[in-house]
Each structure stands twice: as structure tokens, then as C-alpha cells.
2 protein chains.
Amino acid sequence: MGTPLSRDPIAEARRNWEDRGWSDVAAPMAAITAIMRTQQILLARIESALKPFGLTFARYELLALLSFARKGALPMNKASALLQVHPTSVTNAVDRLERAGLVARSPHPTDGRTTLVGLTAEGRTVAQRSTAALNSQVFSETGFPPEDVDALIRILGDFRRGSGDFEDSP
Amino acid sequence: MGTPLSRDPIAEARRNWEDRGWSDVAAPMAAITAIMRTQQILLARIESALKPFGLTFARYELLALLSFARKGALPMNKASALLQVHPTSVTNAVDRLERAGLVARSPHPTDGRTTLVGLTAEGRTVAQRSTAALNSQVFSETGFPPEDVDALIRILGDFRRGSGDFEDSP
DNA sequence: TCCAAACGCTTGGATGTCCTAGTATATTCA
DNA sequence: TGAATATACTAGGACATCCAAGCGTTTGGA
């Protein structure tokens, strides 16, 4: 999106906050803004690695989820819950993946309201290859030192649990 | 988006990765996925706090940036660089904010290519009030302990610098 | 001096996310 | 058993992001 800035814009924002007397919330503001920006950077890398497969991250996530499902298929609402996105987002992703021949919808055997989504043979292949691409191009060199990776997992795990993403583990 | 899951879906994904023999990238994968999810949670909180002002986070960021600019105005491309978003995203945000009467475009005095964006009186007021809302409703209770806030700022700062967001500070 | 290359902004298109409704199927309970 | 409530999915709309193109304005080298 351009050349590096001469100064960190987030550190700049934090200074502005402090100058206005909001020192008590300046650090959290900076942390949250940094998370936003980091997500943006990582998403761009991921989408770039997925591009050759005609996938976006949203569609990849669904594909990956299905590839780990016992029967390679899940109810739409289950996928929505596990991916933690709005049901309509799943509908959207399934529409496109289905058009691409990577997944297929099928009626639930006993519940007429429910639709199952399953991988096609091609979908399974694409899931494997795209995962390999992500592993080698993105996850293997994140730019985070190992100890920071551990810290992030712990810190963000606490945060997500506190936000009601999942129950405390036993 | 639903009730808490009984297990952490990201920890689940990590286990799946390890089971498939991708242990070397399982942790980074989990960290990145956690960042994605955390961003989603935080964004939802922010948008919720901004809703009463008719603002989205993207528009708020522009408003806040302008409120800190010396003359309350900046060239579009400068705003794009500082917010680290695509120029078209700024065009989009300015269009809507201008329609809402919060900012105004004006021609650059010497460079005919450049357009300046500045706050209107009302824009300045809304910027102040919405910032107060964010400070009190979001930043003051993030759910991150202070020491985690510091860790995040350090870790993500290193990452952003390494990603070319900004130069090493002197 | 003059034209090509660079720069700045906008338009149009593809995606993704969420929300609000609407339709169909299940469940619950009086 | 039949009506009221709850679920599951989809359609349509509002926004945001990025990319590719197109249109002026500036700049820089021949």
C-alpha cells in the first residue's frame, strides 16, 4: 500500500491520546489499533497465498473446517458456529464454493430445516494443496518469534474466553 | 452470533494441525487465527459504540485523524498513508462523511491533483463525542490486563515494523 | 520547450461481513 | 392434536476493502 512511514502511526496516535489527557486509555487504544492493523497485514498475506487456488480466506476456512469433519460434511449452522461468523456469511461462502465445484449441499436426513455442506473430491484436493501453501508461505514465517507466538496464543486465548467465545476448559 | 462453544475452536484447529504432522506451524497458525478472531470481536464492540453517532470504524478513524491534524485538514493521499488503507477506501469514507456534513473537500492551493479533506464544525464535535464514547465504552475495559496490553503493543509493534509498516525509529 | 512517465483521485467490479425479513420445518405445550 | 414458538437457511441491503482502469495535473529528461 506504499512505502514505510517514517514513524509508527499507532505510537503517534498514542501520543496524541496522552496529550489530550486520555493517558488512562491510551495504551489499550494503541493495543487495539495494533491488532486491527496486524490483522490487515496477515489477511493480505494469506489472501495472496490463496489466490492461485481461487480461494479467499473465508472460503478457505470453510474448506479446511470440512476437511477435518468426520464425514467431510457439516450442517450449515454448525459451520457458522465453529467459524464464528454470521450464518449469511456461510451461505455466501457455500454459494461460491459450490459454484466452483469444491463443496456440495445436501439435505439433512432427518431434519428438513437443515442443509449439510460437504467436500467434493476436488474440494478435498484443493483443501490439501491450499493448506500446504499456507503452511509453507505464511505460517512457517510469520515474523513472530516463537516466544511471541506463545504469548499471543495465551493473551488472545484469555481475551476470547473472557469475551464469551468459548467456555472455560475443565 | 450465538452461545459460547464448549471448546476453543482455535485450540481444536491447532490439535488438528498437529495430528496431521504440521506441528512446526501449528502454533503460528493458532496465533494468527486468534488475531483474526480477536479483531472481529473488537471491531464489533467498536462499531456498536459508534452506532449512535452514525459512524463506522473506518469513518471514525478518518475523523479522528483529521481532528489531530494541525489545520484539521489533510490531503487524501496523506490520510490514506497514515490510516494505511487503500486510497479508494478513503474516497469512500470521505464521500459518506461529506454527505453527512462532517467533513468537506477543498482543492489544494498549489497542486491541482490533490484534494484536501477537512473537518466541519459539526465534524469536530462528532469526533470529540465519539472518541469520548470509545474511550469510556471500549478502551477503558478491553478485557486485557495491563501487562498484556504492554506485551501486545511490543509484540505487534515489532511485527508491524518487520512487515514494513514503518521505519526503525532512530 | 515538450512529451512521456509519475502521481492523485474517482469510478466500477468482486468479495466479505452483518442486519433485517421472510419462508419452511420442528418442537413445545395447552 | 393444533396453535405458538423456535430453528435453519436464504434474499436483499448497507458498508468496507482491494484491484484495475480512466482522467487530469505535475514533473523531469531529451
Side-chain angles (χ1 to χ4, degrees), chain A residues 1-3 36-37 39-48 50-51 53-63 73-100 103-117, chain B residues 1-3 36-37 39-48 50-51 53-63 74-100 103 105-117:
Chain A
M1 203 98 48
T3 46
M36 298 296 194
R37 174 59 186 156
Q39 186 267 353
Q40 194 177 20
I41 294 170
L42 290 170
L43 182 59
R45 287 191 201 171
I46 291 172
E47 303 259 76
S48 169
L50 292 175
K51 193 154 220 165
F53 302 95
L55 292 176
T56 60
F57 186 47
R59 285 179 245 170
Y60 166 78
E61 280 196 296
L62 181 54
L63 228 48
L74 284 176
M76 303 271 289
N77 67 334
K78 193 89 178 173
S80 167
L82 291 172
L83 296 176
Q84 307 188 91
V85 295
H86 201 278
T88 55
S89 296
V90 175
T91 295
N92 186 320
V94 171
D95 283 349
R96 298 172 193 285
L97 286 170
E98 192 166 40
R99 232 175 293 153
V103 306
R105 273 183 245 240
S106 60
H108 185 105
T110 64
D111 189 333
R113 299 168 299 181
T114 302
T115 299
L116 297 176
V117 204
Chain B
M1 202 101 44
T3 45
M36 298 296 194
R37 176 58 186 154
Q39 186 268 352
Q40 193 178 22
I41 293 170
L42 291 170
L43 183 59
R45 287 190 200 173
I46 290 172
E47 303 258 76
S48 169
L50 292 176
K51 194 155 221 166
F53 302 95
L55 292 176
T56 61
F57 187 47
R59 284 178 246 170
Y60 167 76
E61 280 195 297
L62 181 54
L63 228 47
L74 283 176
M76 304 271 290
N77 68 333
K78 193 87 179 177
S80 167
L82 291 172
L83 295 175
Q84 306 187 92
V85 295
H86 201 281
T88 54
S89 296
V90 175
T91 295
N92 186 318
V94 171
D95 282 350
R96 297 172 194 283
L97 286 171
E98 192 166 41
R99 231 174 295 152
V103 305
R105 273 183 247 242
S106 60
H108 188 287
T110 64
D111 190 331
R113 297 169 298 184
T114 301
T115 298
L116 298 175
V117 205

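Convention: sequence-line order gives letters A, B, ...; per-chain numbering from 1. The figures here come from the full heavy-atom set of this structure, side chains too, leaving out hydrogens, waters and symmetry mates. None of the values given here were measured: they were computed from a predicted structure.
Taken to the nearest 0.5 Å, the OG1 atom of B:Thr56 stands 7.5 Å off from the CG atom of B:Leu97. Within the model, atoms CZ of B:Arg105 and CG of B:Leu116 stand 11.5 Å from one another, a figure rounded to the nearest 0.5 Å.
Each of B:Lys51 and A:Arg59 was matched to the nucleotide of DNA chain C holding its nearest heavy atom; the match closer to the 5' end belongs to A:Arg59.
Taking atom CD of A:Gln39 as the reference point, atom C1' of D:dA16 lies 12 Å away to the nearest angstrom. Put simply, CZ on A:Arg96 is 14 Å from P on D:dT10, counting in whole angstrom units. Regarding A:Glu47, its CD atom lies at a distance of 14 Å from the C1' atom of D:dA16, rounded to whole Å. One atom, NE2 of B:His86, and another, P of D:dA20, lie 8 Å apart when rounded to the nearest Å. Here the P atom of nucleotide C:dT15 and the CD1 atom of A:Ile46 are 19 Å apart, to the nearest Å. Rounded to an integer number of Å, the gap from CG of A:Leu43 to P of C:dT17 is 10 Å. Atom CG of B:Asp95 and atom P of D:dC15 are 12 Å apart (whole Å). As rounded to whole Å, 20 Å separates atom P of C:dT15 from atom OH of A:Tyr60.
Using a 4.0 Å heavy-atom criterion, one finds that B:Thr91 contacts the bases of the nucleic acid, with or without backbone contacts as well. Among the protein residues, B:Ser48 comes within range of no part of the nucleic acid, since none of its heavy atoms lies under 4.0 Å from any strand. Across all strands, B:Asn92 comes closer than 4.0 Å to base atoms (heavy-atom distances). B:Asp111 comes within contact range of the sugar-phosphate backbone alone, with a heavy-atom separation under 4.0 Å but no base atom that close.
Proximity of B:Asn77 to the phosphate of C:dC7: no side-chain N or O atom is located under 4.0 Å from OP1 or OP2. Residue B:Arg113 places none of its side-chain N or O atoms closer than 4.0 Å to OP1 or OP2 of C:dA6. Taking side-chain N and O atoms only, A:Arg105 has a distance below 4.0 Å to OP1 or OP2 of D:dT10. Contact check, B:Thr56 against D:dA16: a side-chain N or O comes under 4.0 Å of OP1 or OP2. Taking side-chain N and O atoms only, A:His108 has no distance below 4.0 Å to OP1 or OP2 of D:dA8.
Scanning both residues, B:Arg59 and B:Leu55, for their nearest heavy atoms gives CB-CD2, 4.2 Å. B:Glu47 and B:Phe57 get closest at one heavy-atom pair: OE1-N, 2.6 Å. In terms of heavy atoms, B:Ser80 sits closest to B:Pro87 at OG-N, 3.6 Å.
In this structure, the side chain of A:Gln84 does not engage the main chain of B:Gln40 through any donor-acceptor pair within 3.5 Å.
Minimum atom distance to the side chain of A:Ala58 is reached by C:dT17, of the listed D:dC9, D:dA16, C:dT17. Here the nucleotide nearest the side chain of B:Thr114, chosen from C:dG16, C:dC9, D:dC9, is C:dC9.
For B:Thr88 against C:dC9, a side-chain-to-base donor-acceptor contact under 3.5 Å is absent.
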